[in-house]
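What follows is one structure encoded as C-alpha cells, with my remarks underneath.
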Amino acid sequence: MQVRLFNTFGREVQDFVPIEPDAVGMYTCGPTVYDYAHIGNMRTYIFEDILRRTLEYTGYKVRHVMNITDVGHLTGDEDDGEDKMLEGARRKGMSVWEIAAMYTNAFFNDTDRLHILRPHVACRATEHIEDMIDLIRRLEEKGYVYIANGNVFFDTGKFESYGKMALLDKQELRAGARIEVDTTKKHPADFALWFTNSKFEHQTMMWDSPWGRGYPGWHLECSAMSMKYLGEHFDIHCGGVDHIPVHHTNEIAQSEAATGKKWVNYWLHGEFLLMNQGKMAKSTGNFLTLQGLVDSGYDPEDFRYLCLGAHYRSQLNFSEDSMSSARSSRRNLIERLVRLREAGPPAPLEKLNTPAREYLDEFAVAIRDDLNMPKALSVLWNMMKDENLGGGEKLCAAFAMDRVFALDLERAAVRENTLDRSLAALIEKREEARRNRDYALADSLRNELAGHGVILEDTASGTRWRRES
RNA sequence: GGCGCCGUACCCAAGAGGUAAGGGAGAGGUCUGCAAAACCUUUAUGCACCGGUUCGAAUCCGGUCGGCGCCUCCA
C-alpha cells in the first residue's frame with residue numbers, strides 16, 4: 001500500500017518512493033543540548049517517531065540518523081551575543097562538555113518516556129569536526145566560499161536555486177528587520193561555514209582548521225553528518241517548520257553545491273505547539289517541560305496522546321483543558337482494554353477475522369495518508385465500540401495499531417493488581433457489611449479506601465477495585 | 001512591509017466538491033441500597049463573515065474580519 005507524504009519541497013502530498021525499494025534513509029534535526037527540551041520540541045520528535053513507525057509498519061527498513069548539537073550557537077531573542085552552551089555552563093557552574101552530556105541524557109530520558117524510538121545513529125557535532133572541515137574544503141574547491149573578517153562564508157549568490165524549497169524568491173526579505181546584518185557579508189543571506197573571529201568572548205570549544213582556529217557554523221553539521229551516515233542522496237529529512245527558511249535552506253545549498261547533485265527527496269516539517277496564543281519558546285519563558293507535566297499529575301503518554309489528536313502540519317493549541325481531556329480519553333481507552341484483557345487474551349494476529357482486519361486496513365489507510373493520526377485514532381475508537389467484534393479481536397487489533405501510536409497499550413491493559421493486605425481486608429469487611437445491609441458502615445469503609453486511592457465498583461459479578469489514576 | 005498557514009459544536013480535532021469522523025465535557029435514561037463504572041439516548045440544516053462558480057460548497061474563486069508562524073538562533 002502506498003504511503004503518501006506532504007513534501008515541503010513542492011508543497012504537495014506525494015507518493016513516497018524510496019531510493020532503495022525496501023529501505024529508507026531518514027535524518028531528523030536533533031536538539032541543541034544547552035537546556036532542557038520543552039514539550040513543543042517534543043511534539044516534533046513525536047511526529048518524526050510516528051513517521052518512522054508508519055514506514056516500519058508498512059514494511060520499510062528505516063535507518064534513522066539524528067544530530068546532537070553540542071557546539072554553541074546564539075542564545076534567544078535580541079541576541080547580540082552569548083553562546084548557548086557557554087550560557088548554560090555559566091548558569092550551572094559546569095563546563096560546556098559537562099552541560100552537553102547532562103542535557104543529552106535529559107533529552108533521551110524524555111524521548112524514552114514518550115516511547116520515541118531512539119535513532120540508529122545519534123551523532124554529536126563535536127565528534128564530526130573533521131567531516132565538516134572536509135565539506136568546507138569541497139565547497140572551497142568549487143568556489144562557493146569567501147572569507148571576510150576572518151570567517152568563512154557560503155556565497156549564496158553562486159548557488160542558483162538558493163531558497164527554492166522555502167519559496168524565498170517570492171519574498172521581499174526584510175534583512176536586518178530585527179537584527180543587525182553582518183556588514184562583512186556580501187549578501188545578507190550568506191551564512192558562516194567556519195568562524196575564526198568569534199563574536200563571543202571566552203569561546204572554549206575550538207578546533208584547528210585550514211582557515212584558522214575556530215568553530216563550525218551551525219548549518220554545517222547536519223549536511224556533513226547526514227551525508228556521512230546516509231550517503232550523499234537520501235530519502236527523508238525532517239524538522240520543525242521554523243527550519244524551512246534558514247536552516248534547511250542553507251543545508252540544501254551547501255550540500256548540493258558540494259556534491260553537485262540532489263541531496264534529499266522528501267522534506268517533512270512539523271508544526272508548532274502553541275501555548276498562551278504563541279509559540280512555545282525557551283527565550284520567552286513560555287514553555288513547559290515533560291517533567292513539568294509529570295509533576296502536574298500527567299503521564300508522558302497523555303502528552304503523546306494529545307499530539308496524536310492533531311495532524312502534524314496543524315498548529316496545536318496546548319492548554320490545561322486540552323491536556324486533561326487527552327488524559328481522560330487515554331484513561332478511558334485503557335479502562336476498556338483492561339476489562340477486555342481481564343476477560344481473555346488477545347486473538348492471534350494471523351487468525352484475525354474479517355471485520356477486525358477491515359479496521360486494521362482502515363487504520364493503515366489513515367496513517368499512510370500523510371500520517372493522519374486523528375483519523376487513525378477515530379478508527380481505533382470505532383473498533384473498540386463495535387459490538388460485532390470479540391474482545392480478543394479488539395485487543396489484537398488495538399495492539400497492532402499501537403505499533404504506531406506507541407501508547408504502550410499492551411502493558412497498560414494488564415493492570416498491576418496486588419493490593420496491600422490491610423486494604424484487601426477493608427474491602428472484605430465492606431463486603432460483609434453490605435451482606436448485612438449495614439450500608440452506613442459499608443459507605444464509610446468505601447470512603448476510607450478512597451482515601452488510600454482505591455476506587456470500588458460494585459458490579460453484577462462482584463466488587464472490582466482499581467487505583468485512582 | 002513581504003511570504004506561508006489557519007478560522008468546523010462548550011473544548012480539542014478529522015473531513016477538502018455529494019450532504020458534518022473521533023475524543024473530552026455536559027444533559028437525560030437503564031442498572032444499583034447509594035455511589036462508581038458500564039451501556040443507551042442526546043448536544044453544528046451547520047463549518048468566521050459577505051459575495052460568486054456549481055444540479056450540489058466546510059470543501060473551489062474573490063473580498064472582509066480575526067488568529068498564528070517565518071523573514072533572527074529556534075521544534
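Below, chains carry the letters A, B, ... as their sequence lines are ordered, and counting in each starts from 1. Below, all heavy atoms of this structure are taken into account, side chains as well, without hydrogens, waters or symmetry copies.
- Under the stacking definition used here (centres under 5.5 Å, planes under 30°), the residue A:Y439 qualifies as stacked on the base of B:G33.
- Pair check for B:U19 finds none; no Watson-Crick or G-U wobble contact set falls under 3.5 Å.
- With a cut-off of 3.5 Å on both Watson-Crick or G-U wobble distances, the partner of B:G56 is given as none.
- B:G33 sits 36 Å from B:A44 when the P atoms are compared, rounded to a whole Å.
- Across all strands shown, B:C47 forms no Watson-Crick or G-U wobble pair with both key distances under 3.5 Å.
- At least one side-chain nitrogen or oxygen of A:R336 sits closer than 4.0 Å to the OP1 or OP2 atom of B:C39.
- Between A:D299 and A:R327 there is no salt bridge, since none of the side-chain N atoms of the basic residue sits less than 4.0 Å from a carboxylate O of the acidic one.
- At distances below 3.5 Å, not a single donor-acceptor pair connects side-chain atoms of A:T8 with backbone N or O atoms of A:R11.
- The aromatic ring centroids of A:Y103 and A:Y36 lie less than 6.0 Å from each other.
- Dashed line: the shortest gap from a side-chain N or O of A:N332 to OP1 or OP2 of B:G24 is under 4.0 Å.
- Side-chain contact check for A:K375 versus A:F363: every heavy-atom pair is 4.5 Å or farther apart.
- B:G66 is paired with B:C6 under the Watson-Crick or G-U wobble criterion, all donor-acceptor distances under 3.5 Å.
- Of the two residues contacting RNA chain B, namely A:S378 and A:I455, the nearest-nucleotide position lying further toward the 5' end is that of A:S378.
- Under the Watson-Crick and G-U wobble criteria, each requiring two contacts below 3.5 Å, nucleotide B:A37 is left unpaired.
- A:R464 comes within 4.0 angstrom of no nucleic acid atom, judged by non-hydrogen atoms across all strands.
- Distance check on atom P: B:G22 versus B:A75 gives 37 Å, rounded to whole Å.
- Residue A:H269 is classed as having no contact, given no heavy-atom separation below 4.0 Å to the nucleic acid.
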